[in-house]
Undergrad: 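Below are the structure tokens for one structure; questions will follow.
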Amino acid sequence: MATMFSHYRDGNFILYAAITQSYGWVNIVVLILTSPNRSVFWLLFSCSNASVYVSSAMASPNLEELFEDSRITQWDWTLLLLVFYTPLGLLLLVMRIFALIQFYLMFLYMPYQPIKKYLLRVCGLMLGVFVNEKHSSKAAAQENAVWVANHCSPFDSIVLQVIAAAPRITIFPEDETTAAKTGLLKFQPGNFDQHKRNNPKLPVQPLSLKVSRPFPPFAVTVLDSQPWTDAFFLLFSPCTIFNIKFLDPVECQEDEELEAYVSRIESAISQNLGINATSFTAKDKIELIKRKRFEAQPPRPAPRSNNRWQVMANQVKEVLPHVPISVILSDLSRTNSVDATVANLVEGVVPFTPEPVVTRVESGPSGSSPRPGPSNYKPTGASSQVQQVSASTFSKLVHERGLSLQERKQRLLRQAQLRYCERHDLQIPGINC
């Protein structure tokens, strides 16, 4: 009997395994599989009885894990081959651009749908697009069925129309693309409203979609990519493989709500892909892109003559006295706008730690009583308490940011009213009396 211990690491998980050979049978026991978020996976596999036992505590992925952040998905020795492939890839790019122009001109004058469909397949082969279709045992062609699939690339709808026997209604309920590796965006029922009114049963043909490139290891699309960059890498790469599986058709039951029906379709697609269905939406992806762009902007160095910057910082400080001046100057170097900086601080885009509001009290000449004014104003009562009116963290959920923004606006308005009344010795019902 021989025993060998080994482990495997791939950036997200560490796999420790013990392989034991005994009596001609190979028993593999995976001891533990851990991830950075401390989720634990146990798996026991025995070839002698061909049984597998799996129990997992799989955590829902974060929003950033749903997308590819880098165009290069695999950093290994194969990237060295990219140096030799680059001239060939550029040649393919130029040839495919000319071929696309020729095919486009042919499509304009082709009256018959079957001929156009054949030309689309030929065009796809020239572009290196290969489609791998799989059908479940219960999958059957329905003329009025709506095709529903997850969204992986800007080219999904074109590929699905090519493989369809007739023009099909195709819906991508996520509204945005994902990598389809860790999770899916939440399916939006609003995409089904019109079809539900036309056909109450709403027959749906679910499709699970995955896109890959064997070489070079380029992602089909990334988080903040433009369509023309995705098209560039499509024409540059030798091949792009679309794996499409037709799942069991489903229909909406009589007493079933539309949201429950859409959730059932979402679960079927996510289970077939082996990933989670998350609660993130397309709006969350847009907000994530904005935050990434903001973080990627380097702060511009302030000029030597900082009188202008100091004046702008003082203007922001008058509106938000609890914000540190260093935070204000740092954001002003990015935005170059007082209004934009105030909006960033109020909405919580720029995190900071509030500081106590420092007030100055200057005594007037001897024998004279101080008069209310900017130099000797000292707030009292509720307005003298330092309140945090800006969130210290940037929430990932849109509705939470909206609620906190309204609360901070009300706090700012309340504090401004109290300061105005105390400065001018006013008694206004509903504000300070």
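Fair warning: this is a prediction, and the values are worked out from it, not measured in the lab.
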Undergrad: For the residue pair Tyr85 and Phe236, categorise the inter-ring angle as parallel (less than 30°), tilted (30 to 60°) or perpendicular (more than 60°).
TA: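 Tyr85 and Phe236: perpendicular rings.
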Undergrad: Starting at CG of Asn243, measure out to CG of Leu273 and round the result to the nearest 0.5 Å.
TA: 10.5 Å
Undergrad: Check for a donor-acceptor pair, side chain of Asn272 on one end and backbone N or O of Ile269 on the other, with a separation under 3.5 Å.
TA: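 Judged by distance alone, no pair lies under 3.5 Å.
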Undergrad: Could you state the interatomic distance from CG (Leu125) to CG (Leu120), rounded to the nearest 0.5 Å?
TA: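 That separation rounds to 11.0 Å.
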Undergrad: Taking only Lys NZ, Arg NE, NH1 and NH2, and the carboxylate oxygens of Asp or Glu, determine whether Glu287 and Arg291 approach each other closer than 4.0 Å.
TA: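 So Glu287 does not pair with Arg291 through a salt bridge.
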Undergrad: Looking only at side-chain N and O atoms, does Thr221 offer a donor or acceptor that is under 3.5 Å from a partner on Glu68?
TA: no
Undergrad: Please identify each residue that fulfils salt bridge (charged side-chain N to carboxylate O under 4.0 Å, His left out) with Glu256, with sequence neighbours left out.
TA: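 Glu256: salt bridge (charged side-chain N to carboxylate O under 4.0 Å, His left out) contacts with Arg264.
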Undergrad: Check whether any side-chain heavy atom of Leu160 sits under 4.5 Å from a side-chain heavy atom of Arg168, and report yes or no.
TA: no
Undergrad: Taking side chain to side chain contact (heavy atoms under 4.5 Å, CB included) as the test, write out the residues that go with Phe233, two or more places apart.
TA: Arg71, Arg213, Phe218
Undergrad: Could I get the full list of side chain to side chain contact (heavy atoms under 4.5 Å, CB included) partners for Thr278, not counting sequence neighbours?
TA: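 By the side chain to side chain contact (heavy atoms under 4.5 Å, CB included) rule, Thr278 matches Ser60, Pro61, Leu66, Phe280.
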Undergrad: Check whether any side-chain heavy atom of Phe242 sits under 4.5 Å from a side-chain heavy atom of Asn132, and report yes or no.
TA: no
Undergrad: How long is the straight-line distance from CD1 of Ile171 back to NE2 of His151, given to the nearest 0.5 Å?
TA: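 Rounded to the nearest 0.5 Å, the NE2-CD1 separation comes to 12.5 Å.
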Undergrad: Taking all atoms of both residues into account, what is the closest heavy-atom pair of Ala164 and Trp147, and its distance?
TA: CB-CH2, 3.6 Å
Undergrad: Can you tell me how far SG of Cys152 sits from CG of Leu184, rounded to the nearest 0.5 angstrom?
TA: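 It is 8.0 Å, given to the nearest 0.5 Å.
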Undergrad: For the pair Lys196 (side chain) and Leu258 (backbone), establish whether a donor and an acceptor sit closer than 3.5 Å, ignoring hydrogens and angles.
TA: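 Here the side-chain-to-backbone pair does not exist.
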Undergrad: Taking Ser263's backbone N and O only, do any of them form a donor-acceptor pair with Ser267's side chain (distance below 3.5 Å, no angle check)?
TA: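 Between the backbone of Ser263 and the side chain of Ser267 there is a qualifying donor-acceptor contact (under 3.5 Å).
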Undergrad: Identify, with sequence neighbours excluded, every residue that meets side chain to side chain contact (heavy atoms under 4.5 Å, CB included) alongside Met95.
TA: Leu91
Undergrad: Taking Leu332's backbone N and O only, do any of them form a donor-acceptor pair with Asn336's side chain (distance below 3.5 Å, no angle check)?
TA: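 Not confirmed, Asn336 side chain does not pair with Leu332 backbone.
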Undergrad: Taking the side chain as C-beta and beyond, is there a heavy-atom pair between Ile244 and Lys210 under 4.5 Å?
TA: no
Undergrad: Is a donor from one side chain sitting under 3.5 angstrom from an acceptor on the other, for Thr341 and Thr335?
TA: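 A pair is found: one side chain offers a donor N or O, the other an acceptor, under 3.5 Å apart.
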Undergrad: Please check if the side chain of Asp156 supplies one atom and the backbone of Ser153 the other of a donor-acceptor pair under 3.5 Å.
TA: yes
Undergrad: Quick one: does any side-chain atom of Asp331 pair with a main-chain N or O of Val327 as donor and acceptor, under 3.5 Å?
TA: no
Undergrad: Check for a donor-acceptor pair, side chain of Tyr261 on one end and backbone N or O of Pro189 on the other, with a separation under 3.5 Å.
TA: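 No, Tyr261 side chain to Pro189 backbone: no donor-acceptor pair under 3.5 Å.
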Undergrad: Under a 4.0 Å N-O cut-off, is there an ion pair linking Arg293 with Asp224?
TA: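 Salt bridge: yes.
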Undergrad: With a 4.5 Å limit on heavy-atom distance, are the side chains of Val148 and Pro206 in contact?
TA: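 Contact flag for Val148/Pro206 side chains = no.
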Undergrad: Identify, with sequence neighbours excluded, every residue that meets side chain to side chain contact (heavy atoms under 4.5 Å, CB included) alongside Glu254.
TA: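 Applying side chain to side chain contact (heavy atoms under 4.5 Å, CB included) to Glu254 gives none.
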Undergrad: Using modelled atom types only, decide if a donor and an acceptor are shared between the side chain of Asn344 and the backbone of Val350 within a distance under 3.5 Å.
TA: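 Answer holds: no.
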Undergrad: Per the side chain to side chain donor-acceptor pair (under 3.5 Å) rule, which among Thr177, Thr178, Asp175 passes with Lys285?
TA: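 Testing each of Thr177, Thr178, Asp175 against Lys285, the sole residue satisfying side chain to side chain donor-acceptor pair (under 3.5 Å) is Thr177.
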Undergrad: Can you tell me how far CD of Gln310 sits from CD of Gln315, rounded to the nearest 0.5 angstrom?
TA: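 If we round to the nearest 0.5 Å, Gln315:CD and Gln310:CD are 11.0 Å apart.
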Undergrad: Cut-off 3.5 Å, no hydrogens considered: what does the side-chain donor-acceptor table look like for residues 96-107, sequence neighbours left out?
TA:
residue, atom, partner, partner atom, Å
Arg96, NE, Met126, O, 3.0
Arg96, NH1, Leu127, O, 3.4
Arg96, NH1, Leu234, O, 3.4
Arg96, NH1, Leu235, O, 2.8
Arg96, NH1, Ser237, O, 2.6
Arg96, NH2, Pro238, O, 3.2

Undergrad: Checking side-chain polar atoms at under 3.5 Å, does Gln74 have a donor or acceptor matched by the opposite partner on Asp76?
TA: yes
Undergrad: Is any side-chain heavy atom of Lys317 less than 4.5 Å from a side-chain heavy atom of His322?
TA: no
Undergrad: Can you name the closest pair of heavy atoms from Thr170 and Gln161 and give their distance?
TA: OG1-NE2, 3.3 Å
Undergrad: Determine, for Glu174 against Lys186, whether the closest basic-nitrogen to carboxylate-oxygen distance falls under 4.0 angstrom.
TA: no
